[in-house]
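Note on naming: letters A, B, ... go to the chains in the order of the sequence lines (proteins, then strands), and numbering restarts at 1 for each one. Atom set for the values below is all heavy atoms of this structure, side chains included, hydrogens, waters and symmetry mates excluded.
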Amino acid sequence: MKKIIKDLIKDSLNKNFKDNDIPLNDIEVNLCKDKKFGDYSSNIAMKIASSFNEKPTVFAEKLVERLKKNSKIKKVEIVKPGFINFFVSEDLKFSVIDKILKEKRNYGKNSTGNNLKVLIEFVSANPTGPLHVGHGRGAVFGDCLSNMLTESGYAVTKEYYVNDAGKQIDILVVSVLQRYHELIDSDFEFSYDDLYKGDYIWDIAAELHRNEGSKFLIKNLVDHNNADIDLYIRKIKEILSDREFLYIKKLCVNYVLENIRLNLVEANINFDSWFFESSLLEDKSLDKAVEFLIKNNHTYTKDKALWFKSTDFNDEKDRVLIKENQDHTYLATDIAYHEKKIGRKYDLNVNIWGADHHGYVPRIQGAFQIFSKKKSNLKILLVQFANLYRGTEKVAMSTRSGEFVTLNQLLKEVGKDAMRFFYLTRKSDQHMDFDIELAKSNNNNNPVYYVQYAHARICSIFRQLKKGKNNFSYDKKYLLNLREEEELNIINKLASYPDVILNAAKKYEPHLITNYVRELAQEIHSYYNKHQILVENGDLRNARLALIEAAKYVLQNSAKIIGIEMPEEM
RNA sequence: GCGCCUGUAGCUCAUUUGGAUAGAGCAUCGGAUUUCUAAUCCGAGGGUAGUAGGUUCGAGUCCUACCAGGCGUGCCA
């Protein structure tokens with residue numbers, strides 16, 4: 001829709017103002033909030049009149065005079081201080097319904113992505129425990145963003161980066177080993193400062209015991225009792241063989257990761273790819289990446305540690321890659337991981353991180369730039385935290401106390417649809433409050449049901465139709481019967497859908513879609529309440545059925561992007 | 001201290017790359033169903049957009065300062 005008008009303006013500018021270098025992408029066309037200003041407006045005259053030494057209104061006059069006659073546009077008006085307002089012909093408006101009924105599930109798709117390869121990395125939570133609600137927002141955001149970009153013609157790969165090689169995993173292994181010993185001999189009593197103490201640790205220990213019996217019993221394993229955790233880990237590694245330790249580690253990671261994967265599937269999030277940090281060590285990518293940095297003078301040695309000169313890339317200070325004890329930091333493997341990404345030749349890389357990692361951005365962007373040797377095509381999106389509430393009461397969340405609400409608990413309590421919708425109603429860079437009570441309420445407070453109900457009502461009308469003796473038959477000419485204000489409102493809304501998708505994908509803002517679908521539902525409910533669809537007059541009835549059928553497709557299409565169901569009845 | 005993010009109705013949030021009269025939901029109050037599902041609709045009240053300046057045809061949106069909150073600022077991950 002917008003494009004048609006844009007093209008018209010472009011055409012006029014090109015023909016009549018040849019000696020200009022107006023970037024044609026700058027032509028802006030917007031939906032009018034107020035009907036009296038028409039359907040669409042452009043501010044182009046106000047923007048560029050000054051460069052022609054003319055008043056915006058005068059310039060607009062000239063521009064409009066020379067607009068090519070077009071049957072799609074009914075009327076063009078100029079309003080001070082220089083808006084050009086377009087009134088679209090009924091015929092063109094109605095054609096949207098025709099288009100939707102033809103395209104069905106494809107309505108709203110666009111090809112701006114041009115089949116470019118995009119890698120979206122998100123969640124990537126350490127496999128040391130179950131996902132909690134803090135991960136939920138980023139997870140749902142990333143998934144919806146993937147859907148949006150797919151809808152816009154990108155070839156999207158969703159990837160989870162698994163940190164299965166660092167110290168945290170060793171701590172997980174040690175935690176499990178201690179529980180394993182307690183399981184075998186109840187006389188054991190360990191302290192768990194700095195270790196993981198969630199119930200799932202027992203489960204993994206039990207699994208280990210189920211599979212291997214008492215094979216890994218360490219006779220003289222003593223409580224680490226606040227001893228340095230690194231020393232404790234090293235000691236256990238000395239007692240067990242490398243193979244044994246690796247075996248237990250794999251078992252732990254697999255257990256936790258499978259749990260995470262299942263949680264995500266329940267939330268309707270499916271990853272295409274799981275990238276393991278450990279693979280960077282196995283295939284020497286880490287060493288190669290570090291060597292490359294050294295060779296190209298991006299590092300220096302200080303205090304027996306190897307530092308990355310991240311200050312060259314607007315970081316506040318330089319960062320350690322290899323510690324004094326010769327262990328690598330997470331930054332080192334992260335850099336190696338991103339080096340790998342470049343080698344995988346994606347046209348665009350998107351990382352979705354929690355906002356608490358924002359300090360990490362310059363480092364990774366810097367490293368990425370070094371390895372890609374050209375303009376960075378890495379986009380790092382930060383998702384703010386969500387505070388969890390039960391009614392007015394804030395739910396405390398701390399990993400320390402082990403008192404965090406898991407994503408799975410949230411899923412069970414509020415359901416997949418409500419959870420996803422809620423997470424997506426706010427702009428991602430905005431802090432948000434997530435009220436569990438509200439999300440699971442079965443009433444009009446809940447926007448998910450509001451939207452789903454609109455769909456169910458439409459379905460219900462078609463069921464009702466089947467019961468009667470009439471059928472729905474469609475012909476474009478029936479549409480001329482749509483004269484009610486509410487009908488035109490819905491048509492306008494339906495017409496703007498592709499622009500919403502386009503815009504949301506361009507700005508990486510899924511909330512535009514949840515907002516849209518809520519607005520559409522509102523128009524549908526208003527219409528439903530005021531007007532009967534199944535009227536006696538056959539032509540009118542068919543026109544109205546065509547309208548709500550089209551609305552149904554748009555509801556379904558947006559629901560698919562949001563990742564929620566659209567039930568036929570409620 | 002420094003850096004990043006945020007501040008819009010009583011509450012939770014929108015406001016389409018700066019546009020026309022800043023909009024929804026919740027809550028409050030008043031109405032609507034013999035009719036396709038009332039998980040719905042219609043209406044009312046409610047605003048110095050944190051504060052103060054600046055930029056321009058035009059600012060909630062951009063810039064500066066200050067105030068308030070969140071996060072970051074490890075040889076942690």
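- Note on A:K506: nothing from the nucleic acid sits closer than 4.0 angstrom, heavy atoms only.
- For the pair A:K552 and A:F462, the cation sits on the ring face: its NZ or CZ lies under 6.0 Å from the ring centre, inside 45° of the axis.
- You'll find that the side chain of A:K323 is closest to B:C75, out of B:C75, B:C13, B:C36.
- Within 4.0 Å of A:N85, counting heavy atoms only, lies at least one base atom of the nucleic acid.
- Using a 4.0 Å cut-off between charged nitrogen and carboxylate oxygen, A:E486 and A:K530 count as a salt-bridge pair.
- Of all nucleotides present, only B:G1 satisfies the Watson-Crick or G-U wobble test against B:U73, with each distance under 3.5 Å.
- B:C5 and B:G10: their P atoms are spaced 28 Å apart (whole Å).
- Neither OP1 nor OP2 of B:C36 sits under 4.0 Å from any side-chain N or O of A:R544.
- At the heavy-atom level, A:I322 lies nowhere under 4.0 Å from the strands shown.
- When the P atom is used for both B:U12 and B:G50, the distance is 14 Å, rounded to whole Å.
- Using atom P as the reference point in both B:G54 and B:G60, the two lie 15 Å apart (nearest Å).
- Mapping A:Y528 and A:E509 onto RNA chain B by nearest heavy atom places A:E509 at the nucleotide closer to the 5' end.
- Distance from the side chain of A:K47 is smallest to B:G19 among B:A20, B:G19, B:C41.
- Taking the six-membered ring for Trp and thresholds of 30 and 60 degrees, A:H135 and A:H132 have ring planes inclined between 30 and 60 degrees apart.
- Here, B:A9 and B:A14 have their C1' atoms 13 Å apart, quoted to the whole Å.
- Here A:D34 lies in heavy-atom contact (under 4.0 Å) with a base.
- Counting only heavy atoms from C-beta on, A:A305 has its side chain closest to B:C75 among B:U16, B:C36, B:C75.
- In a base pair of the Watson-Crick type (N1 to N3 plus N6-O4 or O6-N4) or a G-U wobble (N1-O2 and O6-N3), with each distance short of 3.5 Å, B:U61 is matched with no nucleotide.
- Here B:C76 is the nucleotide among B:A39, B:C76, B:U15 with the atom lying nearest to any side-chain atom of A:Q168.
- Atoms CD1 (A:I233) and C1' (B:C76) sit 12 Å apart, rounded to a whole Å.
- Under the 6.0 Å cut-off for aromatic ring centres, A:F434 and A:Y423 qualify, their centroids lying closer than that.
- Nucleic acid contact for A:K466: none, since no nucleic acid atom lies under 4.0 Å from a heavy atom of the residue.
- Nucleotides B:U73 and B:C63, compared at atom C1', are 26 Å apart to the nearest Å.
- Picking from B:C36, B:U40, B:A39 the nucleotide with the shortest atom distance to the side chain of A:H525 gives B:U40.
- For a distance-only test at 3.5 Å, the side chain of A:K36 qualifies as a donor-acceptor partner of the base of B:U21.
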When the side chains of residues 165-174 of chain A are checked against the rest of the protein, which donor-acceptor pairs come out under 3.5 Å, sequence neighbours left out?
unit_1, atom_1, unit_2, atom_2, d
A:Q168, OE1, A:Y196, OH, 2.7
A:D170, OD2, A:K237, NZ, 3.0

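- Between A:F368 and A:H338, the angle of the ring planes goes over 60°, which puts this pair in the perpendicular group of the 30/60° scheme.
- Of all nucleotides present, only B:G50 satisfies the Watson-Crick or G-U wobble test against B:C66, with each distance under 3.5 Å.
- Within the nucleic acid shown, A:H328 has no heavy atom closer than 4.0 Å to any nucleic acid atom.
- With a cut-off of 3.5 Å on both pairing distances, the Watson-Crick or G-U wobble partner of B:U12 is B:A24.
- Judged by centroid separation below 5.5 Å and plane tilt below 30°, A:Y450 does not stack onto the base of B:A39.
- For A:K427, whose side chain is taken as the heavy atoms from C-beta onward, the closest listed nucleotide among B:C75, B:A14, B:U16 is B:A14.
- For B:U15 and B:U61, the P atoms lie 14 Å apart once the distance is rounded to whole Å.
- You'll find the ring centres of A:F83 and A:F37 outside the 6.0 Å limit.
- Distance check on atom C1': B:G46 versus B:U55 gives 33 Å, rounded to whole Å.
- With respect to the salt-bridge test (charged N to carboxylate O, under 4.0 angstrom), the residues A:K35 and A:E485 do not qualify.
- Salt-bridge formation is detected for the pair A:K62/A:E54: a Lys NZ or Arg NE/NH1/NH2 atom is positioned less than 4.0 Å from an Asp or Glu carboxylate oxygen.
- Using the Watson-Crick or G-U wobble rule with both distances under 3.5 Å, B:C29 pairs with B:G43.
- Using the six-membered ring where Trp is involved, A:W274 and A:Y160 have ring planes that are parallel, under 30° apart on the 30 and 60° scheme.
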Strictly under 3.5 Å: I want the nitrogen or oxygen pairs between protein and nucleotides 68-74 of chain B, one per line.
none

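- B:A27 sits 15 Å from B:C13 when the C1' atoms are compared, rounded to a whole Å.
- Distances shown here put a side-chain N or O of A:S526 below 4.0 Å from the OP1 or OP2 atom of B:C42.
- Nucleic acid contact class of A:S41 (heavy atoms, under 4.0 Å, all strands): base.
- Figure legend. B:A38 is base-paired to no nucleotide; pairs are counted as Watson-Crick or G-U wobble with both atom distances under 3.5 Å.
- Of the candidate nucleotides B:U16, B:U17, B:C75, B:C75 has the atom nearest to the side chain of A:D303.
- Toward the 5′ end of RNA chain B lies the nearest nucleotide of A:H511, the other residue of the pair A:L534 and A:H511 mapping further downstream.
- Closest to the side chain of A:N529, from the set B:C41, B:A14, B:U15, is B:C41.
- Rounded to an integer number of Å, the gap from A:R518 CZ to B:U15 C1' is 13 Å.
- A:P56 comes within 4.0 angstrom of no nucleic acid atom, judged by non-hydrogen atoms across all strands.
- Within the nucleic acid shown, A:N163 has no heavy atom closer than 4.0 Å to any nucleic acid atom.
- At the heavy-atom level, A:E569 lies under 4.0 Å from base atoms of the strands shown.
- In terms of modelled atom types and a separation under 3.5 Å, the side chain of A:Q452 and the main chain of A:E565 share a donor-acceptor contact.
- Using a 4.0 Å cut-off between charged side-chain N and carboxylate O, A:D315 and A:R363 make a salt bridge.
- The distance between atom CG of A:D334 and atom P of B:C75, rounded to the nearest whole Å, is 16 Å.
- Residue side chain A:F83 meets the stacking definition with respect to B:A20: its ring centre sits within less than 5.5 angstrom of the base's six-membered ring centre, and the planes differ by less than 30 degrees.
- At least one side-chain nitrogen or oxygen of A:Q430 sits closer than 4.0 Å to the OP1 or OP2 atom of B:A14.
- In this entry the distance linking CE of A:M432 with P of B:U12 reads 12 Å, nearest Å.
- Contact annotation for A:Q522: backbone-only contact, meaning every heavy-atom pair under 4.0 Å involves sugar-phosphate atoms and none involves a base.
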